[in-house]
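For reference, the structure discussed in these notes is given below.
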Amino acid sequence: MQFRLTNTLTREKQTFTPIDPNNVGLYVCGVTPYDNSHIGHARAYVVFDVLYRLLRHIYGENHVTYVRNFTDIADEIIKRAAERNEEPTALAEHHIQSFYADMDALNVLRPNIEPRVSTHIGSMVEMTDELLAKGYAYVTPSGDVIYRTQKFPRFGQLARRKLDEQQHGSRVAEDTEKESPNDFVLWKANAKSATKMEQAFNPKDYGAQHFSAPGRPGWHIECSAMSRQHLGPTFDIHGGGEDLQFPHHCCEIAQSEALLPAGQPMANYWLHNGFITVGGTKMSKSLGNFTTIKDALQKYSPEAIRLWLLQTHYRKPVDYSDEALKAAQQRANRWQRISEEIMPDHLLNVPLPKEFIEALADDLNTSEAMAILESWPDKIGKVRMMQFLGLLVRAQSMEESPEEIQLLLDRKKARIEKNFPESDRLRDLLKEEHGIIVEDGPNGQTWRRA
RNA sequence: GGCCGGAUGGCGAAGUGGUAACGCUACGGUCUGCAAAACCGUCAUGCGCGGGUUCAAAUCCCGCUCCGGCCUCCA
């Protein structure tokens, strides 16, 4: 079987060959936990969840290491914590738990390792120090450590940027302490920062030789340091949203590859997912046009949201609209009914159809995979595929209340007595007031939650 | 200004040379007290526009139009 992925480095679909099939490494940039996650985040993590499931299927459950970080030290967190008169660590922790709740609801598997910036300061200080020692960084008068992009000619290559053609400073004031406008911060000295942290980290405590100003790590260094620590200097796949291509991933490459022998890459394959848009415009916090995962889950089932996200190829934009979600909900409901006919333990030894895996192995063609599922002849096979895609959430069917049970009994009785006006009234009542859909089949009355 | 990407039926969406998957909606039918569900069937002579290559193009080439993204933090 061919396993191919579109590599942003080459912009081509390439055959995936792991460095070590017994230990495939996947690193995906995680969230900055300062607010509830929106469905744009959901897309990224659902997409990479499917990739993770596929890698585990191909190479074995214990032969994939999936690392996804939490940027729990960041300006946004410090700023918001100050606004709310809260401890930054408490704010971050709160939102990490919120993120977990969302991911669990969407049936996103937990990565193997979820490193946090706050527990990896040492790795970052160490890497910053190495970059200074090799002349890839410099210390400014105010104590910042800045990456010297001119020393790394390939800077921006992943995003195909020609640096002299960028519009520097067009949207943000330039930092006069930088040697070049492209240079970026590795270590942010507390003294200078607009958002001060009460307890800054002291580089000396972590053995820094070449810089000393207390402060905190810059944004980009975390992924370089944490991926190196957990996956090694060169690993298989690095993923994230397409907005991270530049500058974030370009900076990561500059940092990591400056410390590697010439020609040795940080990661062999770079994958980027497309955005969620709203009326064609990118969903983002700053535009305020976002819908949180929690809000979406109020209106649609987790299966419907996952199905909606996966019906489009991961690199294309997906527009969020109630119409689209409603359509996905309809399809998800139908699938749900099929899955309810199959006992979970009947799926244990059901193989996944070859063509289904082949579709997914063709650059994660989830649309094609879903079409195969749709036209598959037997239900067990269908449900097995749903399970693979993470679409068997099986929301715990809520227990009926005594009142509801009585209404259902009354309705059943009325219908047996052919008191149709009354049975129809109770059917409507159950639907409108209790969200219970009553249906009459060959075996009598059945019901389900809407 | 530079770079990147997108445009397929009413809606969503797959499809990188061989004559348009799949889903939602709609419509017709079976079933039903009526519904719902389920099942069967119907729905793009056409893939943003104009040229070109080819026996053959949604798919390749050239030129446009429109929309979006990145160059600030962003999944």
Side-chain angles (χ1 to χ4, degrees), chain A residues 8 11-13 28-32 34-35 37-48 68 71 74-76 79 156 158-174 181-182 184 219 239-248 250 272-277 279-287 290 307-308 310-319 321 323-335 337-338 341 359 362 365-375 415 418-421 423-424 427-428 431 437-442 445-448:
Chain A
T8 307
R11 313 276 160 148
E12 282 172 355
K13 250 193 236 183
V28 174
C29 291
V31 292
T32 300
Y34 73 101
D35 203 348
S37 298
H38 59 66
I39 51 185
H41 301 107
R43 182 180 196 193
Y45 303 120
V46 166
V47 162
F48 288 108
R68 188 184 64 201
T71 306
D75 286 356
E76 300 95 312
K79 192 172 158 229
L158 174 74
R160 306 204 167 175
R161 300 302 166 96
K162 292 197 177 80
L163 299 176
D164 45 1
E165 290 169 359
Q166 299 291 298
Q167 285 191 319
H168 294 295
S170 63
R171 296 168 73 186
V172 79
E174 291 190 38
N182 295 305
F184 56 91
W219 175 40
E242 67 177 354
D243 54 347
L244 298 181
Q245 270 177 37
F246 190 92
H248 186 54
C250 289
H272 292 98
N273 66 274
F275 289 125
I276 298 295
T277 59
T281 303
K282 176 185 172 183
M283 176 178 285
S284 72
K285 288 276 166 67
S286 52
L287 288 172
F290 60 91
L307 196 152
W308 165 67
L310 294 175
Q311 71 180 354
T312 308
H313 185 86
Y314 74 93
R315 292 180 40 251
K316 284 200 170 183
V318 169
D319 202 65
S321 69
E323 192 182 11
L325 264 298
K326 278 177 188 159
Q329 184 69 64
Q330 285 299 113
R331 192 181 195 179
N333 289 154
R334 213 184 79 236
W335 287 18
R337 279 175 219 120
I338 296 169
E341 294 176 34
D362 181 13
N365 193 338
T366 46
S367 305
E368 176 72 22
M370 284 161 68
I372 289 164
L373 187 162
E374 219 36 274
S375 50
R415 185 158 183 280
K418 299 206 188 296
N419 182 354
F420 296 124
S423 72
D424 289 353
R427 182 170 64 188
D428 290 344
K431 187 181 176 191
I437 294 172
V438 181
E439 295 166 351
D440 300 308
Q445 170 177 297
T446 60
W447 66 91
R448 59 186 166 87

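Chain letters run A, B, ... following the sequence lines, proteins first, then strands; residues in each count from 1. Worth knowing before you read on, the calculation uses all heavy atoms, side chains too, and leaves out hydrogens, waters and symmetry mates. Everything numeric in this text was worked out from a predicted model, so none of it was measured.
Here A:H248 lies out of heavy-atom contact (under 4.0 Å) with every strand. A:Y45 comes within contact range of the sugar-phosphate backbone alone, with a heavy-atom separation under 4.0 Å but no base atom that close. Here A:I276 lies in heavy-atom contact (under 4.0 Å) with a base. Among the protein residues, A:E439 comes within range of the nucleic acid bases, having at least one heavy atom under 4.0 Å from a base atom. Looking at heavy-atom distances under 4.0 Å, A:R427 makes contact with a base. Counting non-hydrogen atoms under 4.0 angstrom, A:V47 reaches nothing in the nucleic acid. Within the nucleic acid shown, A:T281 comes within 4.0 Å of sugar-phosphate atoms alone, with no base atom in reach, counting heavy atoms only. Using a 4.0 Å heavy-atom distance criterion, A:R331 is classed as a sugar-phosphate-only contact. Across all strands, A:A371 comes closer than 4.0 Å to base atoms (heavy-atom distances). Contacts of A:G30 with the nucleic acid, taken as non-hydrogen atoms under 4.0 Å apart, involve only primed sugar atoms and P, OP1 or OP2. Within 4.0 Å of A:G280, counting heavy atoms only, lie sugar-phosphate atoms of the nucleic acid but no base atom. Within the nucleic acid shown, A:K326 has no heavy atom closer than 4.0 Å to any nucleic acid atom. Using a 4.0 Å heavy-atom cutoff across all strands shown, A:A159 reaches sugar-phosphate atoms only and no base atom. Within the nucleic acid shown, A:R315 has no heavy atom closer than 4.0 Å to any nucleic acid atom.
Of the candidates B:C34, B:A75, B:C24, B:C34 carries the atom nearest the A:D440 side chain, counting heavy atoms from C-beta on.
Rounded to an integer number of Å, the gap from CG of A:N333 to P of B:G23 is 16 Å. Note: CD (A:Q330) to C1' (B:A36) measures 11 Å, nearest angstrom. Between A:E368 atom CD and B:C22 atom P there is a gap of 10 Å when expressed in whole angstrom units. Straight-line distance from the CD atom of A:E323 to the P atom of B:G12: 7 Å, rounded to whole Å. Whole-Å rounding puts the A:L158 CG to B:C71 P distance at 14 Å.
Rounded to the nearest 0.5 Å, atoms NZ (A:K316) and OG1 (A:T277) are 12.5 Å apart.
Side-chain contact between A:E323 and A:K326: absent, with no pair of heavy atoms (C-beta onward) separated by less than 4.5 Å.
With centroids closer than 5.5 Å and planes inclined by less than 30 degrees as the test, A:F420 and the base of B:G33 pass as a stacked pair.
Consecutive Watson-Crick or G-U pairing (both distances under 3.5 Å) extending over three or more pairs maps onto RNA chain B as B:1-7 with B:65-71, B:10-12 with B:22-24, B:26-30 with B:38-42, B:48-52 with B:60-64.
In this structure, A:R68 forms no cation-pi arrangement with A:F48, as its terminal cationic atom is not both closer than 6.0 Å to the ring centre and no more than 45° off the ring axis.
Side chains of A:E374 and A:W335: a donor on one and an acceptor on the other come within 3.5 Å.
For the OP1/OP2 pair of B:G12 and a distance below 4.0 Å, the side-chain nitrogens and oxygens of A:K316 include no atom meeting the criterion.
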